[in-house]
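Everything on this sheet refers to the single structure shown next.
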Amino acid sequence: MNIYEIHNLPELIRDNSYVGRGIVIGLSKDGKKAATAYFIMGRSANSRNRVFSEQDGVLYTKPFDESKVEDPSLIIYAALRKNGSRLIVTNGDQTDTIDDGLTAGKSFKEALESREFEPDAPNFTPRISGIEYFENGSFRYEMSILKSADEQGSACNRYTFSYSPIKGLGHFIHTYIGDGNPLPTFCGEPERVEIPDNIDAFTTTLWDALNHDNRISLYVRYTDIATGAEDNRMINQNK
């Protein structure tokens, strides 16, 4: 086993029907862009009734058809937002928890101490989060997963990973390792994946690799580390 292997992201997920929600953060091969991707998938009608919507630089999940919303509590949230020079991306309303914590002077890890996995027994879906720091032309990032310690959801284990960027390398964390009932929770460290220079190539190949029946939305942002300029792509299955 090569622990330093860098995987091709589309190949990593192409035959996996349900990886759930996923976050990718990394550095482009030319070392100039910080790459961020967030996608959502769904099996139920309630989960599939969503689209991404961007307002004032904040990415939200929104109902596609509001008349069909069953339970908005775990599917409607701000998924990506900035806090000063920092960029937060998560799979739930802990985006706002992190944002509030940073504003209050807490660290990324400290802000998440007040949260745990989602209360959707028997799956106990993990909360996955990422943060990017842009300081004086530099870039680094952290990722987190909050997951159930057992099948009963009796306790929460919290893991935080801190990364120094390497050209062409990103890290990929997702909620599930595949389909099932209950859904099997993601295990281990975030996976090492390739980050290309071209945002369109990255977006297209990732979207095409997601299971066509279960994919819902994908958002990708490339941030120029030197200038802060942002380039965004968004795809919604529901149009």
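Side chains are part of it too, since the values below use all heavy atoms of this structure and drop only hydrogens, waters and symmetry mates.
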Tyr219 and Asn232 side chains, donor-acceptor separation under 3.5 Å: yes
Aromatic ring pairing Phe202/Tyr222, orientation class (parallel under 30°, perpendicular over 60°, tilted between): tilted
Atom CD of Gln55: over 12 foreign heavy atoms under 6.0 Å: yes
ILVMFWY cluster, Leu218 and Tyr38 together (side-chain gap under 4.5 Å): no
Heavy atoms of other groups near Glu135 CD, more than 12 under 6.0 Å: yes
N-O pairing of Lys82 and Glu230 below 4.0 Å: yes
Salt-bridge criterion met for Asp96 and Arg81 (N-O under 4.0 Å): yes
Ile98 side chain near Leu112 side chain, heavy-atom distance below 4.5 Å: yes
Asp65 and Arg48 ion-paired at < 4.0 Å: no
Heavy-atom neighbours of Asn2 CG exceed 12 at 6.0 Å: yes
Close side-chain approach of Thr125 and Tyr176, heavy atoms under 4.5 Å: yes
Student check: side-chain heavy atoms of Ile235 and Arg215 closer than 4.5 Å: no
Side chain proximity check, Gln237 to Trp207, heavy atoms < 4.5 angstrom: yes
Gly42 versus Ile216, closest heavy-atom pair with distance: N-CD1, 3.3 Å
Side-chain touch Ile76/Pro63, heavy atoms, less than 4.5 angstrom: yes
Any donor-acceptor N or O pair under 3.5 Å, side chains Glu189, His171: no
Whether Phe39 and Phe172 hold their rings parallel, tilted or perpendicular, with breakpoints at 30° and 60°: tilted
Contact check, side chains of Glu118 and Thr175, non-hydrogen atoms, under 4.5 Å: no
Between Asp30 and Ser28: side-chain donor-acceptor atoms closer than 3.5 Å: yes
Nearest atoms (heavy-atom pairs only) where Ile195 meets Leu169: CG1-C, 3.7 Å
Test item: Asp179 and Asn211 side chains (from C-beta on) under 4.5 Å apart, heavy atoms: no
Taking every non-hydrogen atom, the tightest pair across Ala111 and Gly101: CB-CA, 4.1 Å
Leu80 versus Thr36, closest heavy-atom pair with distance: CD1-CG2, 4.2 Å
ILVMFWY cluster, Leu27 and Ile131 together (side-chain gap under 4.5 Å): no
Minimum heavy-atom distance Gly178-Leu183, with the two atoms named: O-CD2, 3.8 Å
Residues Asp200 and Arg233 bridged, charged N to O under 4.0 Å: yes
Connected via hydrophobic side-chain network under 4.5 Å: Phe186 and Met143: yes
is_close_aromatic(Tyr163, Tyr141), centroid dist under 6.0 Å: yes
Exercise: do Gln94 and Arg127 side chains pair donor with acceptor under 3.5 Å: yes
Closest heavy-atom pair and its distance - Lys147, Thr185: CE-CG2, 3.6 Å
Test log, rule side-chain contact (heavy atoms from CB on, under 4.5 Å), inputs Asn123 and Phe117: CA-CA 10 Å; Asn123 297 316; Phe117 50 86; over 6 Å; no
Full working for salt bridge (Lys or Arg N to Asp or Glu O under 4.0 Å) between Lys33 and Asp231: CA-CA 10 Å; Lys33 306 287 176 53; Asp231 198 9; over 6 Å; no
